[in-house]
Amino acid sequence: MSGNVKWLNYGKSTDYQCQKRCKKTSFAFYQAVRDLRPVWVLEDMRIMEVLHWEEGGKVSSYTPSEALLYALVHDHQPYAQYLLSSFPRDALAMPSINFHCCQSPAPHLAMAVRYNRVGILLRILKTMAALPDSQRVGYLDRRGCQPVESGQTPLHLACELLHPECLILLLGHGASPSIVDANGNTPLDTLLQHIGRSQRDLRCKLLCLEALSLFLPEQVQFSSKQQLQANEMFWRERLGRSLFRWLSGQCPPSLFTRSMQVLIRSIPLARFPEALDELPLPALLKPWDLKWKH
């Protein structure tokens, strides 16, 4: 009996030492990404030196997917670009449960939107462009987990956080403007809730709404429409006469909006957003700030 106890204690001690070493090397890798160390240093660490401890006592190295999450958090754009170009499928694969509370196939998109990592988001979307349409759209429109993302898609999250650059990048690469979240709200509902709540950051809210309107269908279906119709004076003042009348169902979109929609939809997926600059429009009429060019 005493021998069994001795071996049990030895096993626990070994596990403890292994777990302690994993935490130490894992934190070193996190720090190295945070400090924007060169890509070759990070890859040497990831492949040869760094381990992390998983549930059940499993020890493993960081996958490209998990490394990409670190690159997103710390905006390490060269490392993100390397991972996406060298391991396009592995970098966008599901990370282990230690890195995400549920096995969602789109944590990288949600993370990029949450931290407003416009440059890395664009690289992710360019990488996804090589996927079959059904797989790419499924990835774009997948709802996030309820505890962290409240069942929202990346597009809902961009509306919730008022990140117009992320919003237009997602839409331009095929995210559906009509998709509903776990509560039955479209991205338009999310923005209207923001606008109706207060006039704070109203310019940014309207910029997001203007960008979204370029991708909306002519007959817009959304759960907040009755609220617009019931409080016409309030919403006409907030949205402007033309946009209010379209969204409330009183008339089709303006000729300008329809013209802009045709121009935007003429851009091939592979050339979005670069071709936005080539549209035959003065800068004043382009409702986007090309932050991804910086």
If you look only at pairs with a residue in residues 179-193, which of them pass as a salt bridge (Lys or Arg N to Asp or Glu O under 4.0 Å), with sequence neighbours excluded? none

Not counting sequence neighbours, list each pair that qualifies as a salt bridge (Lys or Arg N to Asp or Glu O under 4.0 Å) and has a residue in residues 236-246. E232-R236

Does the ring centre of H74 sit less than 6.0 Å away from the ring centre of Y30? yes

If the plane angle is over 60° it's perpendicular, under 30° parallel, otherwise tilted; pick one for Y70 and F29. tilted

Once ring-ring contact (aromatic ring centres under 6.0 Å, His included) is applied, what residue pairs with a partner in residues 163-214 remain, sequence neighbours excluded? H173-F272

With a 4.5 Å heavy-atom cut-off, do F244 and Q229 have their side chains touching? no

Side chains of K225 and L247: closer than 4.5 Å at any heavy-atom pair? no

R89 meets the salt bridge (Lys or Arg N to Asp or Glu O under 4.0 Å) criterion, sequence neighbours left out, with none

Partner set under salt bridge (Lys or Arg N to Asp or Glu O under 4.0 Å) for R37, not counting sequence neighbours: none

Starting from V33, can I reach V39 by hopping between I/L/V/M/F/W/Y residues whose side chains sit under 4.5 Å apart? yes

Run the salt-bridge test on E66 and R46 with the 4.0 Å N-O cut-off and return the result as yes or no. no

Measure the [atom1]-[atom2] distance between [X] and [Y] for me, rounded to the nearest 0.5 Å.
X    : Y    : atom1 : atom2 : answer
F234 : L228 : CZ    : CG    : 9.5 Å
L209 : C204 : CG    : SG    : 11.5 Å
D75  : L72  : CG    : CG    : 8.5 Å
L167 : H156 : CG    : NE2   : 11.0 Å

Validation: residues 211-220 side-chain donor-acceptor distances under 3.5 Å, sequence neighbours left out:
residue : atom : partner : partner atom : Å
S213    : OG   : E210    : O            : 2.6
E218    : OE1  : R258    : NH2          : 3.4

